[in-house]
Student: 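Pasting a structure here, questions to come.
Lettering of chains follows the sequences in order, A, B, ..., and the numbering in each one begins at 1. As the structure is a prediction and not an experimental result, all values here were calculated from the model.
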Number of protein chains: 2
Amino acid sequence: MSTQKLDSQIRRRQIVKAAIELLGTCDVGELSLAMIARRVGLVPSAIYRHFEGREAVLDAVLDSIGDRLRENLRLVEQEPEALPRLKSLLMMHVRFVRENQAIPRTIFSDEIVSRNPGRRRKVYQIIQSYLQGVAAIIQDGQAAEKIRADVDSTTIAMQFLGIVQSGAILRHLSDGEFDIARYARRAWEHFRNSTAAESP
Amino acid sequence: MSTQKLDSQIRRRQIVKAAIELLGTCDVGELSLAMIARRVGLVPSAIYRHFEGREAVLDAVLDSIGDRLRENLRLVEQEPEALPRLKSLLMMHVRFVRENQAIPRTIFSDEIVSRNPGRRRKVYQIIQSYLQGVAAIIQDGQAAEKIRADVDSTTIAMQFLGIVQSGAILRHLSDGEFDIARYARRAWEHFRNSTAAESP
DNA sequence: CGCCTATGTGAATCTAGAATCACATCGAGG
DNA sequence: CCTCGATGTGATTCTAGATTCACATAGGCG
């Protein structure tokens with residue numbers, strides 16, 4: 001066959017992209033180099049020209065997801081007020097999860113997280129860093145007396161993340177029947193009511 | 001070898017028990033019939049005397065977990081007041097998750113949930129039924145004016161479940177460093193404050 | 001006691017998929 | 001134009017693990 005030869009940099013990106021897309025349909029355990037290769041238009045063994053092996057591909061997928069989450073956090077910085085900023089972040093996260101079913105499922109999947117201590121640490125850092133980003137927004141809100149100050153910002157941040165997390169799980173379990181966007185709106189109402197500072 | 005011959009009923013229980021114990025250490029994908037057999041004191045092929053195959057063993061594991069969750073829900077029925085009842089349930093669930101690391105990780109694992117539509121539905125029902133149990137407690141509380149009535153009971157129930165869920169994930173990611181019990185206590189405080197009905 | 005069947009065993013089969021290797025060829029740089 | 005290293009290919013090897021099967025035997029039951 002006469003497959004075009006491309007720079008390894010480009011191939012790496014294509015391979016990671018293909019992997020993430022495939023993860024929307026199948027789970028990590030099922031994701032084989034053969035599937036990835038076919039989607040990119042290569043032969044399985046060609047993957048080894050660009051990655052050490054399957055594990056390395058998964059690492060790269062993880063990095064890519066981390067980048068995307070950081071990006072989300074950066075995008076909402078333009079919003080000055082804490083609560084609206086959180087709402088933006090929530091809605092963005094919901095959209096992200098809906099378009100990219102792979103992410104929440106993959107990032108917490110056993111194969112990614114359990115098998116390899118190094119990778120577990122990496123995921124932990126990704127989550128921690130997202131969590132801290134959210135906690136920082138909440139602290140801003142507390143300083144500005146917009147968010148009740150009698151609760152630890154991290155606890156609130158975890159509750160906040162839990163909204164999408166639980167929603168994503170139910171959505172997946174229900175085969176998409178569960179309306180995560182609607183749930184997120186309701187949960188947001190409750191979240192806002194219960195964390196906003198009392199208006200004096 | 002002269003392994004004692006036991007009734008299939010007994011062997012099935014032993015096999016499921018062994019599987020759940022092993023899942024505390026390894027993930028579903030790694031769980032092989034060989035590991036299970038060794039722990040029970042059998043040879044891999046012997047498993048087939050008691051189960052159709054690996055899939056059937058996993059189904060049985062799932063059923064067992066479902067039983068256990070229903071059991072928890074039943075245990076707190078003795079507590080009459082809604083909020084204390086929820087607190088009991090939360091603490092019981094936390095203990096359950098700590099002692100049985102397998103459960104939250106297994107029940108949401110891709111291999112259990114993604115590969116087999118029938119199993120996904122089964123998990124969905126297990127969760128839904130637990131969720132409804134929690135929502136029922138909350139409705140009781142709302143009827144008794146102990147829990148604010150301006151929020152959908154299901155939304156509150158999901159938030160409630162999210163406490164353990166997120167905690168279990170962080171605990172796993174952090175290699176047990178994250179103190180889920182401490183987190184659960186804090187989250188409970190916040191949960192109670194934000195869902196209790198205003199005292200007039 | 002002796003039979004008969006449910007259990008248990010070990011070897012053999014089958015499969016998927018990762019990884020490796022020798023060979024082919026594209027295309028950038030001289 | 002030529003060459004050489006980077007890419008791509010197909011065949012091959014290797015492994016783990018599920019499953020099957022023919023054979024062995026424990027132990028309940030007549």
Side-chain angles (χ1 to χ4, degrees), chain A residues 1-19 21-23 25-62 106 109-112 114-116 118-119, chain B residues 1-19 21-23 25-62 106 109-112 114-116 118-119:
Chain A
M1 283 295 99
S2 64
T3 304
Q4 193 182 178
K5 291 194 178 182
L6 291 177
D7 185 77
S8 200
Q9 188 81 37
I10 296 177
R11 283 296 191 212
R12 288 179 59 97
R13 273 200 292 272
Q14 291 182 329
I15 289 168
V16 170
K17 182 158 173 286
E21 285 164 3
L22 286 166
L23 285 171
T25 323
C26 73
D27 72 271
V28 186
E30 289 172 313
L31 184 69
S32 69
L33 292 185
M35 293 166 66
I36 299 174
R38 193 170 339 115
R39 180 170 263 256
V40 176
L42 287 175
V43 108
S45 59
I47 305 276
Y48 291 86
R49 294 287 174 214
H50 313 291
F51 287 95
E52 293 258 324
R54 196 184 114 97
E55 295 286 289
V57 175
L58 292 182
D59 276 334
V61 164
L62 215 48
T106 301
S109 86
D110 273 343
E111 177 160 0
I112 287 290
S114 301
R115 307 254 236 256
N116 178 328
R119 210 145 53 201
Chain B
M1 283 289 100
S2 62
T3 303
Q4 193 183 179
K5 291 193 178 181
L6 291 177
D7 184 75
S8 200
Q9 188 82 37
I10 296 178
R11 283 296 191 213
R12 286 178 62 95
R13 274 200 291 273
Q14 290 182 332
I15 289 168
V16 170
K17 182 158 172 285
E21 284 164 5
L22 286 165
L23 285 171
T25 324
C26 73
D27 70 270
V28 186
E30 289 172 312
L31 184 69
S32 69
L33 291 184
M35 294 166 65
I36 299 174
R38 194 171 336 116
R39 180 170 262 255
V40 176
L42 287 174
V43 107
S45 58
I47 306 277
Y48 289 85
R49 293 289 174 210
H50 313 290
F51 287 95
E52 291 259 324
R54 195 184 115 98
E55 295 286 288
V57 175
L58 293 182
D59 275 335
V61 164
L62 215 49
T106 300
S109 88
D110 273 343
E111 178 160 359
I112 286 291
S114 300
R115 306 254 237 256
N116 178 328
R119 212 146 51 203

Student: For a quick test of reading the model: is some side-chain N or O of R11(A) closer than 4.0 Å to OP1 or OP2 of dG8(D)?
Tutor: yes
Student: Under 3.5 Å, side chain of R12(A) to main-chain N/O of H50(A), donor-acceptor pair present?
Tutor: yes
Student: How close or far is atom P of dG8(D) from atom CZ of R12(A), stated in whole angstroms?
Tutor: 13 Å
Student: Output the rounded distance in Å from CG (L42(B)) to P (dA6(C)).
Tutor: 17 Å
Student: Go through dA18(C), dT19(D), dT9(D) for me and flag the one nearest to the T3(A) side chain.
Tutor: dT9(D)
Student: On the side chain of S45(B), is there an atom forming a donor-acceptor pair with the base of dG10(C) - under 3.5 Å, no angle test?
Tutor: yes
Student: Using the closest heavy atom to pick a nucleotide of DNA chain D for each, name whichever of K5(B) or R54(B) lands nearer the 5' end.
Tutor: R54(B)
Student: OP1, OP2 of dG8(D) versus side-chain N and O of H50(A): anything below 4.0 Å?
Tutor: yes
Student: For S8(A), is there any backbone N or O sitting under 3.5 Å from a side-chain donor or acceptor partner on R49(A)?
Tutor: no
Student: Nearest whole angstrom, please: distance from the P of dA16(C) to the CD of E30(A).
Tutor: 14 Å
Student: Q14(B) CD to dG8(C) P: how many Å, rounded?
Tutor: 9 Å
Student: Do the side chain of R119(A) and the main chain of I112(A) share a donor and acceptor less than 3.5 angstrom apart?
Tutor: yes
Student: Backbone N or O of D27(A) within a donor-acceptor pair of the E30(A) side chain at under 3.5 Å?
Tutor: yes
Student: For the pair made of CG in L58(B) and C1' in dA18(D), what is the distance, rounded to whole Å?
Tutor: 12 Å
Student: Using the side-chain heavy atoms of V43(B), tell me which of these nucleotides is nearest: dT9(C), dG27(D), dG8(C).
Tutor: dT9(C)
Student: For the residue pair Q14(A) and R11(A), confirm or rule out a side-chain donor-acceptor distance under 3.5 Å.
Tutor: yes
Student: Measure from the side-chain heavy atoms of Y48(B) and tell me the nearest of dG10(D), dG8(D), dT19(D).
Tutor: dT19(D)
Student: Nearest whole Å is fine: how far is dG10(C) P from L33(B) CG?
Tutor: 17 Å
Student: Take the protein atom CG of L6(B) and the nucleotide atom P of dT25(D), then report the distance between them rounded to whole Å.
Tutor: 18 Å
Student: For E111(B) and dA18(D), give me the distance from atom CD to atom C1', rounded to whole Å.
Tutor: 12 Å
